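For clarity, every value in this text was computed on a predicted model and none was experimentally measured. Numbering of ligands and ligand atoms starts at 1, following listing order.
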Amino acid sequence: MIGCSCSVCTSPDKKDKRLRSSILVESSTTTIVVDTTPDFRYQMLRIGAKKLDAVLFTHPHKDHVAGLDDVRAFNFFQNKPMPLYGNSLTLDAVMRDFAYAFADKKYPGVPELELNEITLESFSIGDISIIPIEVWHLKMPVYAFRFGDFTYITDANKIEEREKEKIRGSKIIVVNALRKQKHISHYNLEEAIALVRELQVPKAYFTHISHQLGRHEEIEKELPAGIHLAYDHLTTGPSSPKM
Ligand SMILES: [Zn+2]
Ligand SMILES: [Zn+2]
């Protein structure tokens, strides 16, 4: 947190140094990023990303879309617009927030974006199949995504039964756990643990962690078996999603 001198923000532990929540999902032929955070440019630079086939959006909040302009680097190298996938709520916000990229007369060098509206129907990008799952961020519908046996859920604190069915059977779940205190639109630590247990997913990683949760090393010790805090650069699973 900018300006904060709490024990997390001043921690020397690399696992306490978190950029905004996002994952990279890769197969041997296809690379997708879920959300373009305000840190997107630096996240791509620090992993040395050379290729990006598409961006998948969970919801239109700024901490999940603000970095979109920097896909233009991939436009230059790949010589084509960047396909974006999101629900109508998210795509409307993208068109508003990045209106200059959709203008009739564009300033040279602005990002080239291709909008693809998704619903709760399954779809594929390259050889990666994706099942969208609707979760609730207070009153905003947010999309979570299941890739094979890996499910990624950010910014939620409620999931309806029919959507929970889509998550069951996952081997790995990533879910938001903001802090210990209750929050109006995010699961807290206790609620996130309860969700993992209810869905009986054997391995879980918590993400979208606030500095209010506490230091990685200390919280990690309090977690039940199979549940861990995610951290930047964490790589997991046969399909290798990267945090
Ligand atoms: Zn702090
Ligand atoms: Zn968020």
Side-chain angles (χ1 to χ4, degrees), residues 1-25 32-44 55-71 84-87 89-94 96-98 118 132-146 151-159 163 173-189 191-192 195 204-220 222 229-232 234 241-243:
M1 168 74 93
I2 293 172
C4 184
S5 43
C6 79
S7 66
V8 172
C9 293
T10 56
S11 166
D13 185 349
K14 271 197 237 152
K15 292 181 177 172
D16 285 319
K17 310 230 173 279
R18 287 186 287 270
L19 299 184
R20 296 302 178 104
S21 306
S22 174
I23 58 168
L24 187 83
V25 181
I32 302 171
V33 90
V34 179
D35 292 332
T36 52
T37 82
D39 297 318
F40 171 73
R41 178 174 180 272
Y42 181 58
Q43 285 166 330
M44 293 295 100
V55 175
L56 210 49
F57 286 114
T58 58
H59 69 299
H61 281 163
K62 266 296 194 265
D63 54 330
H64 297 261
V65 302
L68 179 61
D69 186 271
D70 282 302
V71 301
L84 311 180
Y85 292 81
N87 63 13
L89 181 80
T90 304
L91 297 187
D92 285 350
V94 164
R96 252 191 338 266
D97 292 1
F98 299 89
I118 56 171
I133 301 160
E134 190 174 59
V135 300
W136 292 97
H137 191 31
L138 187 60
K139 287 178 181 159
M140 175 180 276
V142 169
Y143 274 15
F145 298 106
R146 180 166 173 170
T151 298
Y152 179 72
I153 306 170
T154 186
D155 295 60
N157 67 344
K158 196 177 88 178
I159 307 175
E163 298 301 289
I173 187 172
V174 177
V175 63
N176 67 134
L178 192 76
R179 60 187 191 190
K180 288 187 173 175
Q181 303 95 304
K182 264 205 161 290
H183 188 270
I184 189 173
S185 60
H186 283 276
Y187 287 122
N188 67 10
L189 190 63
E191 292 162 339
L195 179 77
Y205 295 97
F206 291 160
T207 191
H208 213 297
I209 299 166
S210 157
H211 63 148
Q212 295 167 338
L213 182 62
R215 292 190 49 182
H216 180 96
E217 204 185 351
E218 283 153 28
I219 300 298
E220 189 69 23
E222 300 174 12
L229 295 188
Y231 50 88
D232 285 29
L234 173 63
K242 283 182 194 156
M243 302 299 296

Between atom [atom1] of [X] and atom [atom2] of [Y], what is the distance when rounded to the nearest 0.5 Å?
| X | Y | atom1 | atom2 | answer |
| --- | --- | --- | --- | --- |
| Thr58 | Ile23 | OG1 | CD1 | 10.0 Å |
| His208 | Arg20 | NE2 | CZ | 7.5 Å |
| Ser11 | Lys17 | OG | NZ | 5.5 Å |
| Leu84 | Thr90 | CG | OG1 | 11.0 Å |

Hey, which of Val142, Leu89, Asn87 is the one that makes side chain to side chain contact (heavy atoms under 4.5 Å, CB included) with His59?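 Only one of Val142, Leu89, Asn87 forms a side chain to side chain contact (heavy atoms under 4.5 Å, CB included) with His59, namely Val142.
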
How wide is the angle at the Zn ion (ligand 2) between OD2 in Asp63 and OD2 in Asp155, to the nearest 10°?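 Vertex the Zn ion (ligand 2), arms to OD2 of Asp63 and OD2 of Asp155: 150°.
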
Report the angle formed at the Zn ion (ligand 1) by atom SG of Cys9 and atom SG of Cys6, rounding to the nearest 10°.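 Computed angle, vertex at the Zn ion (ligand 1), rounded to 10 degrees: 110°.
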
Of the backbone and side-chain N, O or S atoms of His59, does one lie nearer to the Zn ion (ligand 2) than 2.8 Å?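 Checking His59: none of its N, O or S atoms is under 2.8 Å.
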
N/O/S of His137 less than 2.8 Å from the Zn ion (ligand 2)?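 Short answer: no, not a single N, O or S atom is under the cut-off.
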
Specify which N/O/S atom of His211 comes nearest to the Zn ion (ligand 1), by atom name.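 Result for His211 and the Zn ion (ligand 1): ND1.
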
